[in-house]
**Q** 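Below is a structure I'd like to ask you about.
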Amino acid sequence: MSLGNATDRYGAVAKTFHWITALGIFANLALGFAAEWAPRGTEGEIALKTALFSAHKTVGVAVFFVALLRILWALAQPKPAPLHPERRTETLTADTVHWLLYGSLVLVPLSGWIGHAASEGFARIWWPFGQSLPLVPKSSELAETAWTLHYVFMLVLVASIVLHVAGAVKHHVVDKDATLRRMLPGTTRAASPDGRHGIVLPFVLALAFWGVALAGGAAAGLFSGPEGGESAALEDVDSEWEVQDGTLAIVVQQMGSEVRGEFADWTADIAFTPSDEPGPAGEVTVQIAVPSLTLGSVTSEAKAPAYLAAEEHPTATFAAEILREADGWVADGTVTLKGQEAPVTMPFELTLDGDTAEMRGTATLDRRNYEVGQSMDSEDTVGFEIGVQVELTAVRASE
């Protein structure tokens with residue numbers, strides 16, 4: 001059997017690409033659905049779910065490269081002519097479905113890969129490369145959009161596969177022609193000498209199909225992002241120092257990778273008198289809206305009852321005394337989270353310029369002190385330590 005195609009048959013290379021791609025698609029669809037439906041209650045269940053998602057992503061990357069090679073080979077080879085060129089609607093449909101398949105073989109894994117690269121945390125790709133991509137920043141918004149596109153393109157791929165398989169079965173069972181046989185091992189020559197495939201119109205129809213799918217996804221609200229729910233209502237503060245700008249972030253070790261997240265909604269009530277002498281210099285109370293947390297691809301899991309329990313315990317508090325020490329500043333107090341209280345000391349750097357203060361501090365919490373992830377009795381899945389990073393600029397309020 002010849003390696004290349006001819007106008008009346010497929011060659012060995014095209015057939016090999018076809019069946020390797022088909023195997024990869026069906027295996028990866030199975031892995032994806034299994035990963036999505038797998039429970040995540042215990043540490044063992046989370047480890048299995050993570051492994052399934054890692055396998056899904058790894059196979060997806062492999063399918064992406066195989067698809068690229070297949071498309072390049074197809075472009076360089078003649079395509080066997082249709083067996084029934086007189087059936088123009090049927091031939092046009094088949095050519096459109098082929099464009100949908102080729103495009104989806106690139107768009108589905110590529111959108112998933114971009115979503116992975118833009119996300120922080122969860123399942124890694126089992127390759128020595130590909131955890132990040134050029135020109136793809138870490139962004140929860142970009143990741144959410146990419147994952148939504150991945151889902152929509154996956155639906156188009158599934159629809160294309162159903163149409164493709166239905167057409168092959170129809171040709172084999174009803175028409176009893178050689179359409180399916182010429183893609184099987186061996187040499188099967190079958191074509192109409194006058195038949196040819198369309199290019200422009202099928203391609204345009206495929207683009208229109210993707211457009212309709214994306215429009216349908218938008219109409220269904222898939223691109224509006226996950227509903228965050230109502231954030232905790234934080235009380236207004238009448239602070240001596242008003243925060244003008246700042247970030248409150250946490251850093252978690254998850255599956256051996258560092259995942260950084262931020263709370264979008266928090267307040268700081270600061271009473272502070274600058275001093276060059278060691279000793280008390282004021283106090284601070286920080287109220288945090290727990291539901292406002294974004295933590296990469298594990299945001300929803302982090303706010304679940306087993307972890308931060310954002311719905312049942314929507315606020316967290318850090319109340320501390322501000323102390324001047326010989327070598328710097330510390331905020332020495334307690335963090336209350338999920339109804340549990342534990343002491344926390346946060347060293348910080350402070351820069352004063354008249355009535356403007358810039359502060360940068362870090363602290364470490366032990367999640368076990370707050371009954372966060374109690375079922376995770378080891379650090380294999382989620383680390384015990386939670387890093388806290390605070391940066392803010394505050395201005396002394398006018399009297």
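For reference, positions follow the sequence shown, starting with 1. Owing to the predicted nature of the structure, the values given are computational and were not obtained by experimental measurement.
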**Q** Is there a side-chain contact between Lys138 and Arg260, using heavy atoms and a 4.5 Å cut-off?
**A** no
**Q** Compare all side-chain heavy atoms of Pro82 with those of Arg87 and state whether any distance is below 4.5 angstrom.
**A** no
**Q** Check whether any side-chain heavy atom of Ile46 sits under 4.5 Å from a side-chain heavy atom of Met376, and report yes or no.
**A** yes
**Q** Quick one: do Glu90 and Lys170 make a salt bridge, cutoff under 4.0 Å?
**A** yes
**Q** Would you say that Met359 contacts Ile322 through its side chain, given a criterion of any heavy-atom pair below 4.5 Å between the two side chains?
**A** no
**Q** Got a sec, which residues hit ring pair (Phe, Tyr, Trp, His ring centres under 6.0 Å) with His18, two or more places apart in sequence or on another chain?
**A** none
**Q** If you group Ile, Leu, Val, Met, Phe, Trp and Tyr by side-chain heavy-atom gaps below 4.5 Å, do Val169 and Leu180 land in one group?
**A** no
**Q** Who passes salt bridge (charged side-chain N to carboxylate O under 4.0 Å, His left out) against Asp366, sequence neighbours left out?
**A** Arg368
**Q** Hydrophobic clusters join Ile, Leu, Val, Met, Phe, Trp and Tyr when side-chain heavy atoms are under 4.5 Å apart, directly or via other members; which others share one with Leu323?
**A** Val330
**Q** Under a 4.5 Å cut-off applied to non-hydrogen side-chain atoms, are Leu214 and Leu149 in contact?
**A** yes
**Q** Do Asp269 and Val284 have side chains that approach each other closer than 4.5 Å (heavy atoms only, starting at C-beta)?
**A** no
**Q** When clusters are formed by joining ILVMFWY residues with side-chain heavy atoms under 4.5 Å apart, either directly or through shared neighbours, do Val156 and Leu163 land in the same one?
**A** yes
**Q** Could you pull out all residues at least two apart from Phe203 that satisfy ring pair (Phe, Tyr, Trp, His ring centres under 6.0 Å)?
**A** Trp99
**Q** Are Ile199 and Phe209 linked, directly or through intermediate hydrophobic residues, by side-chain heavy-atom contacts shorter than 4.5 Å (ILVMFWY only)?
**A** yes
**Q** Distance-only, no hydrogens or angles: does the Gln131 side chain make a donor-acceptor pair with backbone N or O of Ile125 under 3.5 Å?
**A** yes
**Q** Can a donor-acceptor pair be found, under 3.5 Å and without considering hydrogens, that links the side chain of Ser111 to the backbone of Val108?
**A** yes
**Q** Does Arg324 reach the side chain of Glu277, with side-chain heavy atoms less than 4.5 Å apart?
**A** no
**Q** Count I, L, V, M, F, W, Y as connected when their side-chain heavy atoms are under 4.5 Å apart, and connections chain through other members. Are Phe348 and Val251 then in the same cluster?
**A** no
**Q** Are the side chains of Phe153 and Leu110 in touch, meaning some heavy atoms are under 4.5 Å apart?
**A** no
**Q** Is the Phe129 ring parallel, tilted or perpendicular to the Trp127 ring (thresholds 30°, 60°)?
**A** tilted
**Q** Has Trp113 got a side-chain atom pairing as donor or acceptor with Gly130's backbone, closer than 3.5 angstrom?
**A** yes
**Q** If the condition is side-chain contact (heavy atoms from CB on, under 4.5 Å), which residues does Glu242 pass it with, not counting sequence neighbours?
**A** Gln244, Ala397
**Q** Pairs in or reaching into residues 296-323: which pass ring pair (Phe, Tyr, Trp, His ring centres under 6.0 Å), with residues at least two apart or in two chains?
**A** none
